[in-house]
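Chain naming here is simple, since letters A, B, ... match the order of the sequence lines and numbering starts at 1 in each. When reading the values below, keep in mind they use all heavy atoms of this one structure, side chains included, and skip hydrogens, waters and symmetry mates.
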Number of protein chains: 2
Amino acid sequence: MGPVPLDDLDEQIVAHLIRDARASYAEIGTGVGLSAPAVKRRVDRLRGTGVIKGFTARIDPHALGWTTEALVEVYCEPRTTPAALLKCLERHPEVVRAETVTGKADAVVRLLAADVRHLETVLERIRLESVVRETHSTVVLSRLLERPGNG
Amino acid sequence: MGPVPLDDLDEQIVAHLIRDARASYAEIGTGVGLSAPAVKRRVDRLRGTGVIKGFTARIDPHALGWTTEALVEVYCEPRTTPAALLKCLERHPEVVRAETVTGKADAVVRLLAADVRHLETVLERIRLESVVRETHSTVVLSRLLERPGNG
DNA sequence: ATTGAAAAAATATAGTT
DNA sequence: AACTATATTTTTTCAAT
């Protein structure tokens with residue numbers, strides 16, 4: 001699982017797939033000066049080595065009426081394992097992302113809720129979890145910048 | 001720009017595309033009991049209404065040797081507009097995401113760096129920006145949970 | 001708004017340099 | 001490791017219900 005070296009062609013192919021994951025191999029090939037089968041071989045290899053984890057649709061939650069996002073610092077009870085925290089968090093569908101962090105908090109959790117009222121109920125639900133000691137929330141006002149792929 | 005209502009079929013199609021953005025229309029159609037053209041029409045409509053913003057490849061930064069992620073609270077100089085902050089942040093390719101937030105900080109920025117040394121140089125660069133007054137960083141230890149699509 | 005059929009395009013799998 | 005050619009699959013278009 002060491003660092004996988006990408007040549008210029010791989011980088012261009014990855015960049016193209018980040019921009020448009022449904023681009024045809026032929027289209028990508030035109031851009032990088034490769035035939036469609038050659039592009040496919042490289043994409044297969046990039047998936048095999050784990051560089052490309054998969055392809056996903058980017059959804060606009062606002063268009064669906066999910067207007068409220070929050071970043072929540074979660075403080076856990078002593079001796080809570082990451083696995084236990086994960087098991088607890090994945091019970092809540094509003095949790096869109098969670099990662100353990102350095103600092104006072106144990107994890108930062110991203111929540112997506114329909115509105116502030118919904119957000120409040122989610123936070124209540126999460127604070128009821130036995131492994132959660134405390135939560136500090138900040139509400140997201142607007143997305144300034146988003147670079148897909150890693151974002 | 002009001003909330004777009006999705007019926008069950010739309011929801012299933014969106015869910016399928018979040019799981020695999022390169023799935024063929026025929027494959028999606030088999031899952032939801034629709035013909036390929038019918039699926040395509042719905043996907044086109046979902047793109048038109050902005051529900052689907054696009055399709056992207058999910059990259060594993062670790063596989064590429066980008067091992068260090070950080071969440072940075074950015075405190076701006078008084079009267080800094082979001083537009084000015086954006087203009088400043090997009091100059092730094094390590095900024096993967098940025099959003100304005102409630103609370104003491106003005107924005108939360110996600111950074112992706114090759115290593116801690118690289119992270120340090122990025123933070124120095126950002127702190128040199130005239131609109132930035134202060135930064136509080138926390139380093140990401142591990143991704144616990146990630147639900148693609150909105151994540 | 002979906003279906004079905006036909007045309008066009010893209011993909012997978014060869015074999016070749 | 002990449003190209004060309006070919007068989008197969010998929011996408012797209014269009015007419016019809």
Side-chain angles (χ1 to χ4, degrees), chain A residues 1-66 114 148-150, chain B residues 1-66 114 148-150:
Chain A
M1 275 283 212
V4 179
L6 300 199
D7 62 20
D8 289 355
L9 262 37
D10 286 332
E11 293 217 34
Q12 287 180 71
I13 291 168
V14 167
H16 199 126
L17 285 170
I18 287 173
R19 278 200 310 278
D20 178 13
R22 281 187 80 85
S24 72
Y25 296 128
E27 181 190 330
I28 299 168
T30 306
V32 305
L34 238 50
S35 69
V39 173
K40 186 198 181 315
R41 271 169 53 103
R42 281 172 179 263
V43 173
D44 287 344
R45 188 162 50 83
L46 289 164
R47 296 204 61 169
T49 54
V51 170
I52 296 176
K53 286 192 290 183
F55 303 99
T56 189
R58 305 199 304 120
I59 305 302
D60 181 4
H62 278 255
L64 293 172
W66 293 72
N150 314 294
Chain B
M1 275 279 216
V4 180
L6 300 199
D7 62 20
D8 290 355
L9 263 37
D10 287 331
E11 292 217 35
Q12 288 180 70
I13 291 168
V14 167
H16 199 127
L17 285 170
I18 288 173
R19 279 201 309 279
D20 178 13
R22 281 187 80 85
S24 71
Y25 296 126
E27 181 190 330
I28 299 168
T30 305
V32 305
L34 238 50
S35 69
V39 173
K40 186 197 180 315
R41 271 171 62 100
R42 281 171 180 263
V43 173
D44 287 344
R45 188 162 49 85
L46 289 164
R47 295 204 63 170
T49 53
V51 170
I52 296 175
K53 287 193 291 183
F55 303 99
T56 189
R58 304 197 307 120
I59 304 303
D60 182 4
H62 278 255
L64 294 171
W66 294 72
N150 314 294

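Within a 6.0 Å radius of CG in A/Asp8, other residues, nucleotides and ligands contribute 12 heavy atoms or fewer.
Side-chain nitrogen and oxygen atoms of B/Ser35 include none within less than 4.0 Å of the OP1 or OP2 phosphate oxygen of C/dT2. Side-chain N/O atoms of B/Arg42 include none lying less than 4.0 angstrom from OP1 or OP2 on C/dA1.
The interatomic distance linking B/Glu27 (CD) with C/dT11 (C1') rounds to 14 Å, in whole Å. Remark: C1' of C/dT2 and CG of B/Asp7 are 13 Å apart, rounded to the nearest angstrom. Between B/Arg41 atom CZ and D/dT11 atom C1' the separation is 15 Å, expressed in whole Å. Rounded to an integer number of Å, the gap from B/Tyr25 OH to D/dT12 C1' is 10 Å. Residue B/Lys40 contributes atom NZ, which lies 14 Å from atom C1' of C/dA8 at whole-angstrom precision.
One finds the OG1 atom of A/Thr56 at 8.5 Å from the CG atom of B/Leu17 (value rounded to the nearest 0.5 Å).
Across all strands shown, B/Arg45 has no heavy atoms under 4.0 Å from either base or sugar-phosphate atoms.
Judged by distance alone, the side chain of A/Arg19 and the main-chain N or O of A/Pro148 form no donor-acceptor pair under 3.5 Å.
Residues B/Lys53 and A/Ile59 approach most closely at CE-O, 3.5 Å, considering heavy atoms.
Closest-nucleotide positions on DNA chain D for B/Ser24 and A/Gly33 were compared, and the one nearer the 5' end corresponds to A/Gly33.
With C/dT2, C/dA12, D/dA2 as the choices, the nucleotide that has an atom nearest any side-chain atom of A/Pro37 turns out to be C/dA12. If you check C/dA10, D/dC3, C/dT3 against the side chain of A/Leu34, the one that comes closest is D/dC3. For B/Arg22, the side-chain atoms get nearest to C/dT11 when compared with the rest of D/dT4, C/dT3, C/dT11.
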